[in-house]
Every structure is written in C-alpha cells, then in structure tokens.
Amino acid sequence: MRVSIMAVPLLQTFTTSVLSANCISYMNLSCKALALRSSSPQAFRLRTCTRRFRQMKTYGSSSPSSATTSVHAHAQQEMEHPIQVEGTKFQQVFQDFVIPKFVPPFCHNRNPLEEEANQVAQQWYHHYFASTILPETFEKIKKGKTYIIPICNHPTAELSRLEWALEFYLFMFVMDDVVECKTRTSSLEDLEELFVELMVVIISSFPQYHILQENLNRYFSDELDRRSTKDFAEKVLARAMQHSKTDFDKHKASAICSAFSNLWSRATSEMPEEWSLRFTRTLQQAMLAQFLEARYLLEKKDPSLSMYLSHRKEFGYMDASLSIIDYVEGVFLPDTLHCSSPMQQLLQPTADVVCWHNDIYSFHKELVNGETHNLVIMFSKENKISYNKAAELVNQMMLDKIEEIHSAITDLRVLTQSNKEITVAQRAAIEQYIKCCTSFIGSTHEFHT
C-alpha cells in the first residue's frame, strides 16, 4: 500500500473548521534524524540516509523558502562541517515542506462494530505474524490504527465481513513492510520466492482459468528482461502443479502465504464465481505490480513518471481494496456493470486520489529513506520545481479527480434510473459502491492526519 505510519501533527478535532485550515507545516516538527547520532547503529543509518539524499538531484525554485534552494546554499558549508550539514538538509526540508490544503469533499461514518471487529482482527494478526515478522514491524502495524480505513469505508458491513476487511488491510500493510525490508536486506531470489508462493496460491486455486497463467508471462514483458520473466513464470507453474489448495491451509507455507490463503479461501468460497475471478485477477495484478516495484528498488532503478502513474494504483493495492466492496458489503455487481464506463469513472479516480494523497503525506518518510517512488519527488525532479510546488501540483490533480467522481456519481444514478434491466439489488449495490468510494477519500485523510 505504501502508506506511511510515521506520525505527523495530529488534528485534534476532525471537523470542517479544522479541515479548512489543514495546511500543515513541519516548521515545528522536531527533526528526529538529528537525535540519531546517540548510538553508533543509528548514526550509521543517518549517514546512509543522507548519502542517498546527496545522490538525488534536487532542484530549487525562485522562492527563498524552497527546501531545495536551501540545500544548494549549504554546498560550501558542507565541505567544512559535513556532519552538521547532513542533519541540516533534512531539517530544512521538513521545516519548509507544507502539506497543501485539502478538505475531504464527502462525509464518512464509522462502523459501530469497530471495537468488536478490531479485537478479532488483532487476534488473527497475532496468530499469523507475532513471531514471524520483525518485532518492530509487528508493533508498528499493531499500533498504526490501520483499522480506521476499513471501518470508515464499510460503515454498514456485518461483523464477520468487517473482521475480514480489517484482516485484509493488516495483510496489505504487512506485505508492504516485508517487501520494503527485503528490497534493502535481501537478494532478488529471496524477494522472488515470496511472490512465487503467493502466485502459487492464486493459480492452484483456479487452475481452469488460463488467463491467470498468461498474466505471469506478459505482465513484466515491457519492464523486465524476458528471461527473468520466463523463469519466474516457470517456477510458479511448476510449483502450482505440485500443491493443492489444502497444502496452504495446513500452514506448510510461510506465514504471509498462510495468512493470504486464509483470507482468500474465506472470501472466494462465499461469493459467486464471477466475482471470485474478478477479485483474483485484480489481486494478482496488484501483487505482480508490487513485485515489479520491488525489483526497481532492489536494483536501484527509477521508474519513469509515465510508468509510475500507470501502475501507482496497483502498487498501492487500490484496485484490490475497491474490489472487496462486494464481499464485505454483501452485494454483487456483475462484470457488465462493474466494468462499465460509468462505474470505472468512479473507481479509477477514487483510486488515484487515495494514492496521490498518500504520496503527499509519505513524502518526508520516503525522502529520508532515499526512495524516489513518490509522486511529489518525481514531479519535483521531472519539472525542476520545489517540493512544495510539486505537492501543490499533486493536490490540484486530486481536486480535478474529485470533480470526475462527482460527475461519475451523477452518471451512475442516471443509469440506474434509465436502464430498466438493472435490478433492485444491483441498484443497491451501485449505491453501496458510491458510499464506499466517497468514504475511502475521507477515511484515508483521517488516517494520515
């Protein structure tokens, strides 16, 4: 998902009056990087981060408050006082960076079953991951209030489906952290093994759908060398031939794969086959995109801006997060309606807004980590503008997409009234989609702030 759980200044009351002033400055945010010199391992991490920062091309603007301008101004000083300036670079960026004003345009409510559902989800999380991922990762996700998003996205879901939604989000956050860790500490073979396991679960569950096998061969064709793509596909298919669905239920696989199989079997066993295949393809695309991005990070390659924009929703599991609406809410849209132009004009802009909003809020974390897979950072580099200007550009793109969402909602409601072939249940499902999509924008904003 690429969602930052790092703390940012907390808005004390989530009201319109506060949201209207939601222009957050890091001027008063203490630069924790400066305190990292207290121990030698932390000092090494600080030096590593700042070396990565130096390698990035930064561009200033005519604004004297530009963070990038400030960095250039310290060029001579850096030669004389390198340690002080390494900390000053990050401090100046954080002080100067201002999150653009954004007021969520739609209301959202919490599911009244949130406490009960969260208790069960935390037990599920503890069962699969308490002893299988790094302790600091386990605690960070546990305390990260990830439950806010599904609880607000699905305010009317029944308890068992809400529990599943919370567990699904916990799984996505674990995947994000584990993959990020592997890109820094592991080999390509170790990273590949994780995704081979997950693809085996998907393909062995639906061996009759050859499209899932074909996706393995064609997804990376334009981005990675064909030989590595062929090897990856052959590993998945060979292992899928050897394993049955029950192998994963018996926890013979890794914790991540076992947790995924648990979620997978519960959802697909209760839903129509048409939805199960749609969910399968969407989730497969998300995982393959995550593998693609991880390879770029591991091999220290920067994606092009066009490539990043085209895959950003998949990197963040957004299409997958929206595809669970049917299961969690107890509704069903056939492909003819789900894939229709009016519905996609609702789903795709929603996914864009949520992903781009995340890139603004995770900017500081990813900059310190030396990551360039962030729209603010990429726009700054591509357009040779300051980070503030880049963030404003991303924010304006979000506002434009929200206008598209408003139009899509109108078109969908006209469609449901004019098309007599749409059943009463399908009309209710479309309204549920509208509610969940508009709630998603507000819930992620609440999560970040």
Side-chain angles (χ1 to χ4, degrees), residues 1-6 8 22-24 26 52-53 55-61 66-68 90 93-94 96-102 104 149 172 176 179-180 183 223 285-286 289-290 292-297 300-322 347-405 440-441 444-445 447-449:
M1 253 180 109
R2 306 181 73 254
V3 176
S4 169
I5 308 182
M6 289 184 65
V8 295
N22 186 25
C23 191
I24 301 174
Y26 288 92
R52 289 174 178 169
F53 184 93
Q55 292 168 0
M56 295 173 58
K57 291 183 178 180
T58 55
Y59 299 92
S61 70
S66 165
T68 49
F90 290 113
V93 169
F94 296 156
D96 287 350
F97 187 69
V98 177
I99 292 181
K101 177 181 177 180
F102 177 75
I149 301 175
M172 289 191 292
D176 187 59
V179 170
E180 183 178 345
T183 60
E223 304 294 343
Q285 289 171 351
Q290 189 178 31
L292 175 63
E293 184 185 33
R295 282 201 58 171
Y296 270 95
L297 289 169
K300 296 179 172 54
K301 296 179 180 178
D302 292 336
S304 65
L305 180 58
S306 59
M307 179 267 187
Y308 181 80
L309 285 171
S310 65
H311 288 298
R312 178 63 181 90
K313 293 188 288 289
E314 295 167 347
F315 292 160
Y317 279 68
M318 269 306 306
D319 290 339
S321 299
L322 292 170
L347 295 173
Q348 297 308 313
T350 298
D352 286 331
V353 171
V354 172
C355 288
W356 299 344
H357 195 22
N358 175 73
D359 278 9
I360 291 175
Y361 272 86
S362 63
F363 158 78
H364 61 292
K365 183 199 74 153
E366 289 167 350
L367 184 67
V368 169
N369 287 340
E371 299 175 14
T372 58
H373 297 204
N374 178 289
L375 201 52
V376 174
I377 295 172
M378 296 185 79
F379 271 148
S380 174
K381 180 177 180 179
E382 182 83 8
N383 299 316
K384 298 181 175 58
I385 55 178
S386 70
Y387 294 129
N388 278 342
K389 291 291 185 183
E392 291 171 5
L393 179 59
V394 175
N395 194 62
Q396 184 57 53
M397 290 168 58
M398 288 166 50
L399 297 177
D400 293 341
K401 288 293 180 180
I402 287 171
E403 289 300 315
E404 293 181 23
I405 293 171
F440 211 144
I441 296 171
T444 51
H445 185 75
F447 172 79
H448 287 308
T449 54

Contact summary for Ser386 and Ser380, nearest pair of heavy atoms: C-OG, 4.0 Å
Closest contact, heavy atoms only, Met172 versus Tyr317: SD-CB, 3.5 Å
Any donor-acceptor pair under 3.5 Å linking the side chain of Ser304 with the backbone of Met307? yes
Member of Trp356, Phe97, Phe379 meeting the ring-ring contact (aromatic ring centres under 6.0 Å, His included) criterion with Phe363: Phe97
Value rounded to 0.5 Å, distance of NZ in Lys381 from CG in Leu305: 11.0 Å
Minimal non-hydrogen separation, Ala391 against Ile360, with atom names: O-CD1, 3.9 Å
Sub-4.5 Å side-chain heavy-atom contact between Thr350 and Lys401: no
If you compare all heavy atoms of Ile405 against all heavy atoms of Val353, which two are closest, and at what distance to 0.1 Å? CD1-CG2, 4.4 Å
Separation between CD of Glu366 and CD of Glu180, rounded to the nearest 0.5 Å: 8.0 Å
Looking at CE of Met398 and NE2 of His445, how far apart are the two atoms once the value is rounded to the nearest 0.5 Å? 8.5 Å
Out of curiosity, Phe440 CZ to Met318 CE, how far, rounded to the nearest 0.5 Å? 4.0 Å
Stepwise, does the side chain to side chain contact (heavy atoms under 4.5 Å, CB included) test hold for Thr444 with Asn358? CA-CA 8 Å; Thr444 51; Asn358 175 73; over 6 Å; no
Where do Lys313 and Ala351 come nearest, in terms of heavy atoms and distance? CD-CB, 3.1 Å
Using 30° and 60° as the class limits, which term best fits the ring planes of Tyr361 and His448: parallel, tilted or perpendicular? parallel
Under the salt bridge (Lys or Arg N to Asp or Glu O under 4.0 Å) rule, collect the residues that match up with Glu403, sequence neighbours excluded. none
Nearest 0.5 angstrom please: Asp352 CG to Leu309 CG, how far? 8.5 Å
N/O donor-acceptor pair under 3.5 Å between Asp319 side chain and Glu314 backbone: no
Hey, could you give me the CG/NE2 distance between Asp359 and His357, rounded to the nearest 0.5 Å? 11.0 Å
Do Phe102 and Ile441 come within less than 4.5 Å of each other through their side chains, counting heavy atoms only? yes
Donor-acceptor contact present, side-chain Asn383 to main-chain Ala390, <3.5 Å: no
Kindly write out the residues that satisfy side-chain contact (heavy atoms from CB on, under 4.5 Å) with Asp400, not counting sequence neighbours, or none if the list is empty. Gln396
A side-chain contact here means heavy atoms from C-beta on lying under 4.5 Å apart; do Arg312 and Leu375 qualify? no
